[in-house]
Amino acid sequence: MEEELKIACGVFGTVDFQKKPVFPYIYWGLRAQNNRGHQSHGFLTYHEGKFHVHRSLDLVPKIKTSAIQEWFGRLPGHIGIGNVRYSTSGKTDEKSLIKGTQPVTASKKGFRLAVSFNGNVVNTVQLKKKISKEFPRFSYECDADLICHKLLIELEKGKDLASAVKTCMQEIDGAFSVAGITQDGEYFAFKDPYGIRPLCAGHSKDNSTYAFSSETVGLDINNLLFDFEIEPGELVTTSKNGFKRKKLVNSKLKAFCAFELAYFARPDSKLGEKYVYEMREEFGRNLVREYPDIIKDADIILSMPETGDDSALGVHEESGLRWERASRRHRYVTERAFILLSRERYSTIDKKINVLPHKVKGKKVIVTEDSVVRGDTTKVMIQRLKRMGAKKVYLFVTFPRIIGPCFYGIDMASYHQLIGSKHNAEEIAKIIGADAVCYQSIKSYVKATGFTKNQLCLGCVTGKYPTPLAQKIADKMKERFLKGHKETGRLYEMPEVVEST
Ligand code: SF4
């Protein structure tokens, strides 16, 4: 995985009908999901009609035993939501990041609302204009602000929660998986009509606690039982009797993000019918079946540590080739590439991954990796293996070639940053110095996931996007990109592009 690529957010929320404090549930639910956002984190609880909030930058912190009571005091209440975030919208200076930290709140004429969100809004420019009419001083730092204010506007018109959420589903183009709390302490969750980002529901064995979590690992760490994945276009509310589900919008197409399954989701999370780990192992088996000549020629398998491990096991089991565990991650080197100076970027991989040279010297090596986005860090790794004396280096990539940007919360929002947008596998191999780059086919990839093609978003590998505005922007910008026009930022944040589309 390219070091710079991130996902938008992770969501967790809980209600406890025995009125026990929920802060510990939210804390652990977010700790388990820090893979979904490193830039900031936040907790919000509801107690006696008031919201209590803590927001901060960086990873969810470790809490010293001596400080636990202080945290409980700061975040009282039996209902709460939390969020870990990486920004795929808004500005990224420190001040803006703090302002964009979730959960967010909004209030108007006595109405109040709190929201934690994962996804990305595509019609940001249009929505912002509409919201500004109702909230003249509306300042936008993250898409959660848009969702929260839009929902509040609809509630304030006198609509009930279901009608207000339905309007949001109809008028917002993009991916949104949301958990929220109203001023009356109603705890709810919903997903966009395509169900692009994950959000599941679970409960405690004694039926007193009900939770929403982006990934099932957030339930596991809290010893909660998995109930269901929220359906696209569905609103879920909670009461003492459990969850109440209501389908508000029917869309012909479901479009769960296929890329979650290759990298972003934790391997021990369950998505659809399978654990992610099982899918990734099958991706490896598929690559063996699709590239028999390379398998015949190769001596060993080496994985990009962690990101390529699960597929390496699949390659090993299907081919019988030795999986040499000679590449390891420097476990406590956790700096993200985006905060390193740009001149340091190319050596980031050396800081993070160690390889035993004598294990690759004179060998024909298959390197397993989940995806190639920019190709620069992969290039560094391949050149390093060649310098160590590897005779040949073949790159096995589980996610099919990425040819277009993502509009839905993965931080690859323009064509120019994608090596696959204008180069095929042979050309990419030449650029990064590999003897071959072997992508898994889309068909095999889909089959291994247990989903059908009509249940997945494959926009970045097919160019076909599930939501209308994203498709229009993608088509228009691709044409301009191929003619040599420069992209000046995230496509969905460029008013000149969005407004003319
Ligand atoms: S475009 Fe790609 S990364 Fe974005 S939601 Fe679709 S599959 Fe996922």
Side-chain angles (χ1 to χ4, degrees), residues 1-2 4-11 35-37 86-89 117-124 143 172-177 191-199 214-215 229 232 251 253-265 269 271-272 276 279-280 283 307 370-374 397-415 417-421 439-475 477-478 481 490-493:
M1 160 57 56
E2 306 287 314
E4 299 80 10
L5 202 60
K6 314 291 183 313
I7 197 168
C9 292
V11 171
N35 56 309
R36 302 188 67 83
Y86 175 79
S87 64
T88 54
S89 61
F117 148 94
N118 172 212
N120 199 63
V121 173
V122 186
N123 57 341
T124 314
D143 286 349
I172 300 175
D173 185 303
F176 44 95
S177 287
K191 257 192 199 182
D192 65 79
Y194 301 93
I196 297 170
R197 295 276 151 237
L199 191 63
S214 289
E215 294 188 36
E229 182 70 26
S251 76
L253 201 68
K254 291 183 181 178
F256 184 80
C257 170
F259 204 14
E260 289 260 0
L261 311 170
Y263 178 73
F264 286 106
S269 278
L271 286 167
V276 172
M279 299 177 200
R280 291 180 188 162
F283 295 158
T307 63
D370 61 276
S371 58
V372 176
V373 182
R374 295 172 180 84
V397 191
T398 60
F399 197 58
R401 181 163 63 101
I402 298 171
I403 60 166
C406 177
F407 296 86
Y408 307 121
I410 307 289
D411 188 28
M412 46 180 198
S414 55
Y415 285 97
Q417 69 191 106
L418 307 171
I419 194 169
S421 65
Y439 287 104
Q440 186 178 188
S441 67
I442 294 175
K443 195 174 168 197
S444 298
Y445 184 89
V446 171
K447 196 168 172 215
T449 65
F451 287 84
T452 66
K453 210 172 171 184
N454 287 340
Q455 294 172 322
L456 291 175
C457 172
L458 291 157
C460 54
V461 295
T462 60
K464 294 194 179 91
Y465 295 88
T467 66
L469 184 62
Q471 185 67 62
K472 279 187 199 159
I473 299 173
D475 291 345
M477 291 310 288
K478 185 165 188 186
F481 170 71
R490 295 165 179 146
L491 299 183
Y492 46 81
E493 284 184 346

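Order of listing sets the numbers, starting from 1, for every ligand and every atom in it.
Atom 8 (Fe) of ligand 1 has C257 SG, 2.3 Å as its closest protein atom, hydrogens excluded (heavy atom only). What sits closest to atom 4 (Fe) of ligand 1 on the protein, heavy atoms only, is C406 SG, 2.3 Å. Nearest protein heavy-atom contact of atom 1 (S) of ligand 1 is C460 N, 3.4 Å. Here the protein heavy atom with the shortest distance to atom 3 (S) of ligand 1 is I410 CG1, 3.4 Å. Nearest protein neighbour of atom 6 (Fe) of ligand 1, counting heavy atoms only, is C457 SG, 2.3 Å.
At least one heavy atom of R197 sits less than 4.0 Å from an atom of ligand 1.
Remark: ligand 1 atoms within the under-4.0 Å shell around heavy atoms of A258 are 7 (S). Of all atoms in ligand 1, numbered sequentially from 1 with element shown, those under 4.0 Å from a heavy atom of Y408 are 5 (S).
At least one donor-acceptor pair under 3.5 Å links the side chain of T124 to the backbone N or O of V121. Formation of a donor-acceptor pair under 3.5 Å by the S421 side chain with backbone atoms of Y415 is found in this model. Of the possible polar contacts, none joining the R374 side chain to the Q417 backbone as a donor-acceptor pair under 3.5 Å is found.
Taking the six-membered ring for Trp, F256 and F451 have ring centres closer than 6.0 Å.
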Handout entry: Y263 and F399: CA distance, side-chain angles, deciding distance, ring-ring contact (aromatic ring centres under 6.0 Å, His included) verdict
Key = CA-CA 9 Å; Y263 178 73; F399 197 58; over 10 Å; no

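Between L199 and N118 the shortest side-chain heavy-atom distance does not fall below 4.5 Å.
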